[in-house]
Amino acid sequence: MSHAPLAAQFIADRPRATWHDQTLWFVRSKRDKAAQALPEWEELRECAAAIKAHTVAHLADYLEQFERAATNRGATVHWARDAAEHNEIVLRLLQQHQVRRLVKSKSMLTEECHLNPYLERHGIEVVDTDLGERIVQLAGEAPSHIVLPAIHKKKEDVGRIFHEHLGTAAGATDPNYLAEAARHHLRQKFLQADAGLTGVNFAVAETGGIVVCTNEGNADLGTSLPRVHIASMGIEKLIPRAQDLGVFVRLLARSATGQPITAYTSHFHGPRPGGELHLVLVDNGRTAILGNDEFRRSLNCIRCGACMNTCPVYRRSGGHSYQTSVPGPIGSILAPARDPQTHYDLPQACSLCGSCSDVCPVKIDLHHQLLSWRRELAQLGFLSASKRLGMQAMSFVFQRPGLYRTAGRVARWLVPKLPRALVYNRFNPWGRQRELPEFPRQSFREQLAARRRRGQSHER
Amino acid sequence: MPTVGLFIPCYIDQLYPRVGLATVDLLERAGFRVEYPEDQTCCGQPMANTGCTAEARPLAERFLTLFGGFDYVVAPSGSCVAMVRCHYDEYLAGRPGFDELKAKTFELCEFLVDVAGVAQISHRFPHRVGLHQSCHGLRELRLAQSSELVAPAYGKAQQLLQLLDGIELVTLARPDECCGFGGTFAVAEEAVSCMMGEDRIHDHETAGAEIMTANDMSCLMHMAGLIRRQKKSLRVMHIAEILAGYPV
Amino acid sequence: MSGKVAILEAIRKHRVPAAALPNLERSWLRFADPLAHFEGQVAAVGGRTVRVRNSAEVAHVLSTYSEFAQAKQVVSSIDGIASTFAQDAVTTPHDLEAVDWAVLPAQFGVAENGAVWVTDEQLKYRALYFIVQHLALVLPAREIVHNMHEAYARLALGTSSLGVFISGPSKTADIEQSLVIGAHGPRSLTLFLVED
């Protein structure tokens, strides 16, 4: 099913859609406050975009530098061309260490690669330890947001899920109580785990280190109890210098949740004493995006989720309506690059308001890229026949001013005379909830001509 | 007397003649000769925004031919002006006169403030007004500061409205959220579009507005459609109608 | 062809326009009173700050906290605060789960966000920072930098296998955006700022 009918389903429960909208708008408002507190906000965005543009222009060199530095610090670097290779590498590492239980902290890349079901098929217990991710994992769903995975769940939903899976009291909905139950449940999982897998927020070419940001401390517990730490990262996570972190760390949490910094910003350089650190560098379509002048800047993305929080469509349609691991504006750019056949509708799930581009901390021109995608996809033949025919007809008329004038005159004369059922029916989605404008007898050009004939300067 | 080529979006020509007439009045009162090229139709934005660039291209070319010769080109629409200034490059880059065309094409309020230097308006408008920031005027033409950016506040439409005696501009909870019109989006994503429109209307109502205004009639057409269906008392007026002193 | 060679070749076959790396030596945000701003930020992120003159005062203030007074297992590497849990005796970080309180040094704080920098250099197991129920960190009050640029300028990143900016206690808002303190990690964070 495409985005529009899924969005309509989401909105059918209007109070819930309104709640979803308001909850995310609240996050956007917190972001505004945090951004406004830094007079140099726009300068930081400029710097971040420049650093990313520079890095992408020299990505191969920086990847090699990163590999050398990371290896010198005792980490092992693996390269995966696609999701399947990534999953195989992770499985092989887990099997080598006889891992039966894996704890994961948030990694959108492993969602993109569908790692969990793959590992589970191979008999490995995978526990997502971010509370939001654990909630959706227990519910058998995918995250609906990249930073707030369970943002679509109400506390009553969480209460039911926890009652079923964690044995919390029936009907309990107090977030403190539920989070406390999760704490006990997940502490056991951390203590039992044989390996920990994390995502990567930033990888520093100069130092060979990676940075992982969480509020819960789950990445830290998951990598300081088990001996083996696997970190999966897209190759675009690289930045050149340690000092560049100053720019990105200042932008990330403020953009994501309005916090000045996440509770834990953890810098890993090599394995801990007696442990192992494996870094899996994943392409999975990124080099193809890098080669495209139009969409290259989408690789700037630091996965803060601000474009989702501000997107008036996302807030009212929910993350699942996008049917892709990264939803919202940035997801609607990344998904068609990977699979246009499945995701060709997403660039149309946008009113082109441009709020995403202004909120983006790394200055991705998201709404322009969505517009570019519409063109690309139309050229690839993914535009519906009705839309294409409609546009061809409109263009034909607009190229012929006489025809345009006549068509307008006929429509303005005819439509008001038609019985209502002929105008307002299932073939007119405009009119389902909206009235058409009242059609004036005369067009502007006719009225202007009449006025000028009369020599009047004013007609009221 | 400098001559303004009046650029009236197709749907304003056909459906909202009063907005066009108000625009003529404002430009003439500001001391400009107004010419309306009869052969104009549509700037091509609906096709371009749907990805149909081949269908948009001839309309962009017509536009350059029709409007290239004026001192200024002015339209009562941020969205259509944004099409010319921000999106015609794809079709017209390098054509003789195109860079000049972009530089002399203005949205109405922007023209009145930046070129005509309008600093006073004589009539009264004793109403509580909510200003809807149409997105393309806001974030493509930068007619006002968007709420996402950390930069000094300004707003050209607001600046003009405040010249009216007796007007009260209400404060919205979400100062510049999209109304959900979005061209074909309004029908392709009908459910989201209408919910967005209703939420905007609700914000204006809650803020106590009697009249909602905007630089773009398309946003107002969408919201007026919802308002009329739901028989709400909120009125909509294009900003040109208010500034020209047309009755409510 | 190995994945590495394939990926690097796939990148290098594209011609990407060059872009300069920006110079980050700029006049970034500074505060008239960085220590006061730091204290405000720590409070805003759910932490607690206490100005003290020496470690004896740290011990005294801790003793006034009921959670500390009731703590059975305390690990301390601060002079004057006794450990009741023998950190060196454990042979796996999992055993640290029993620790109620840890009182440890931090290197410096950051005024703009209330974060403090700690590393695993002096610790047998780095899990200690995250697994204890309550964490207290002690740092000199004068060691507050203004912003993250200054913070990274003074770090020698990579000298330890783990370095962490900790800002407030562990927290989550994953249930209906309701803030809950004490997600997986410490339920409280107290920062003792030792004045000269």
Side-chain angles (χ1 to χ4, degrees), chain A residues 23 26 38-40 47 50-51 53-54 56-57 59-60 63 73 79-81 85 131-132 135 148 150 154-155 158 175-176 178-179 183 186 191 207 209 215-218 220-221 224-225 235 240 242-243 245-247 249-250 260-261 263-272 283 287 290-291, chain C residues 2-4 6-8 10-12 14 16-22 24 26 28-29 41 45 93-94 97 112-115 120 125-127 129-131 147-149 151-153 155 157-158 160-178 180 182-185:
Chain A
T23 306
F26 174 62
L38 292 192
E40 62 241 30
C47 287
I51 293 166
H54 169 85
V56 167
L59 188 58
L63 283 168
R73 300 202 186 276
W79 302 73
R81 275 170 288 200
E85 266 189 22
L131 178 57
I135 291 167
L148 318 163
K154 302 196 84 153
K155 55 181 191 265
V158 178
N176 280 291
L178 295 172
R183 177 186 172 97
L186 286 166
L191 291 167
T207 66
N215 276 321
E216 300 178 3
N218 52 324
D220 302 285
L221 274 173
S224 58
L225 291 169
I235 52 174
Q243 59 170 304
L245 287 169
V247 172
V249 169
R250 294 185 86 190
I261 188 171
Y264 300 96
T265 303
S266 305
H267 305 61
F268 297 92
H269 284 85
R272 67 181 164 93
D283 179 349
T287 52
L290 181 140
Chain C
S2 80
K4 175 183 173 182
I7 291 170
L8 293 176
I11 295 170
R12 290 200 164 108
H14 299 302
V16 178
L21 201 51
L24 300 179
R26 298 168 190 228
W28 302 110
L29 181 66
Q41 286 294 304
V45 297
H94 299 71
E97 225 268 314
E112 74 161 296
N113 54 26
D120 61 355
Y125 294 117
R126 67 197 196 190
Y129 288 119
F130 316 108
I131 202 166
N147 55 55
M148 290 303 286
H149 307 286
Y152 280 109
L155 287 180
L157 210 55
S160 51
S161 66
L162 179 71
V164 188
F165 284 108
I166 299 180
S167 171
S170 162
K171 56 179 81 68
T172 183
D174 273 345
I175 303 174
E176 274 200 20
Q177 281 294 293
S178 301
V180 177
H184 300 299

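In what follows, chains are A, B, ... by sequence order, proteins preceding strands, each numbered from 1.
Only the side chain of A:L63 has a heavy atom closer than 4.5 Å to any heavy atom of chain C. Heavy-atom distances place the side chain of A:R73, and not its backbone, under 4.5 Å from chain C. With a 4.5 Å cut-off on non-hydrogen atoms, A:A179 touches chain C through its backbone and its side chain both. Looking at A:T207, the atoms closer than 4.5 Å to chain C (heavy atoms on both sides) all sit in the side chain, from C-beta outward. Residue A:I135 touches chain C through its side chain alone, counting heavy-atom pairs closer than 4.5 Å. Proximity to chain A (any heavy atom under 4.5 Å) is shown, for C:E112, by both the backbone and the side chain. Heavy atoms of A:P39 lying under 4.5 Å from chain C belong exclusively to its side chain. Heavy atoms closer than 4.5 Å to chain C are found in both the backbone and the side chain of A:L225. Residue C:F165 touches chain A through both its backbone and its side chain, counting heavy-atom pairs closer than 4.5 Å. When heavy atoms are compared at a cutoff of 4.5 Å, C:A20 approaches chain A solely by way of its backbone atoms N, CA, C and O.
Checked by atom type and distance alone, the side chain of A:H54 pairs as donor or acceptor with a backbone atom of C:A19 at under 3.5 Å. Without hydrogens or angle criteria, C:S170 side chain to A:E216 main chain gives a donor-acceptor distance under 3.5 Å. Side chain of A:H267 to main chain of C:G163: a donor-acceptor pair is present (N/O by atom type, distance under 3.5 Å, no hydrogens or angles). Remark: side-chain polar atoms of A:E40 are paired, donor with acceptor, to backbone N or O of C:L29 under 3.5 angstrom. The backbone N or O of A:L59 sits nowhere less than 3.5 Å from a side-chain atom of C:R12 that would complete a donor-acceptor pair.
The distance from atom CG of A:L191 to atom CD of C:E97, rounded to the nearest 0.5 Å, is 5.0 Å. Interatomic distance, CG of A:L38 versus CG of C:N147, reported as 9.5 Å (0.5 Å rounding). With values rounded to the nearest 0.5 angstrom, A:R272 atom CZ is found 10.5 Å from C:L162 atom CG. Here the CG atom belonging to C:D174 is positioned 5.0 Å from the CG atom belonging to A:L131, to the nearest 0.5 angstrom. Once rounded to the nearest 0.5 Å, the distance linking NE2 of C:H149 with SG of A:C47 reads 7.5 Å.
The ring-ring contact (aromatic ring centres under 6.0 Å, His included) test applied to C:H14 returns no partner, not counting sequence neighbours. With sequence neighbours excluded, the residues forming a side-chain contact (heavy atoms from CB on, under 4.5 Å) with A:P271 are A:L277, listed by chain and number.
No other option in C:I131, C:D120, C:I166 has as many heavy-atom pairs under 4.5 Å with chain A as C:I131. No other option in A:A57, A:A60, A:A53 has as many heavy-atom pairs under 4.5 Å with chain C as A:A60. Looking only at heavy-atom pairs under 4.5 Å with chain A, the residue among C:L24, C:L155, C:L21 that has the most is C:L21. Heavy-atom pairs under 4.5 Å with chain C peak, among A:D220, A:D283, A:V247, at A:D220.
C:P169 and A:A263 get closest at one heavy-atom pair: O-CB, 3.9 Å. A:A80 approaches C:I7 most closely through the heavy-atom pair O-CD1, 3.4 Å. Nearest heavy-atom pair, C:P93 versus A:S224, reported as atom, atom and distance to 0.1 Å: CG-O, 3.6 Å.
Two residues are said to be in side-chain contact when any heavy atoms from C-beta on lie closer than 4.5 Å; A:P260 and C:Q41 meet this criterion.
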>> If you apply the rule side-chain contact (heavy atoms from CB on, under 4.5 Å), what do you find for A:L148 with C:Q177, and how did you get there?
In response: CA-CA 9 Å; A:L148 318 163; C:Q177 281 294 293; 3.5 Å; yes
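Taking the six-membered ring wherever Trp is involved, the centroid distance between the rings of C:Y129 and A:Y264 does not fall below 6.0 Å.
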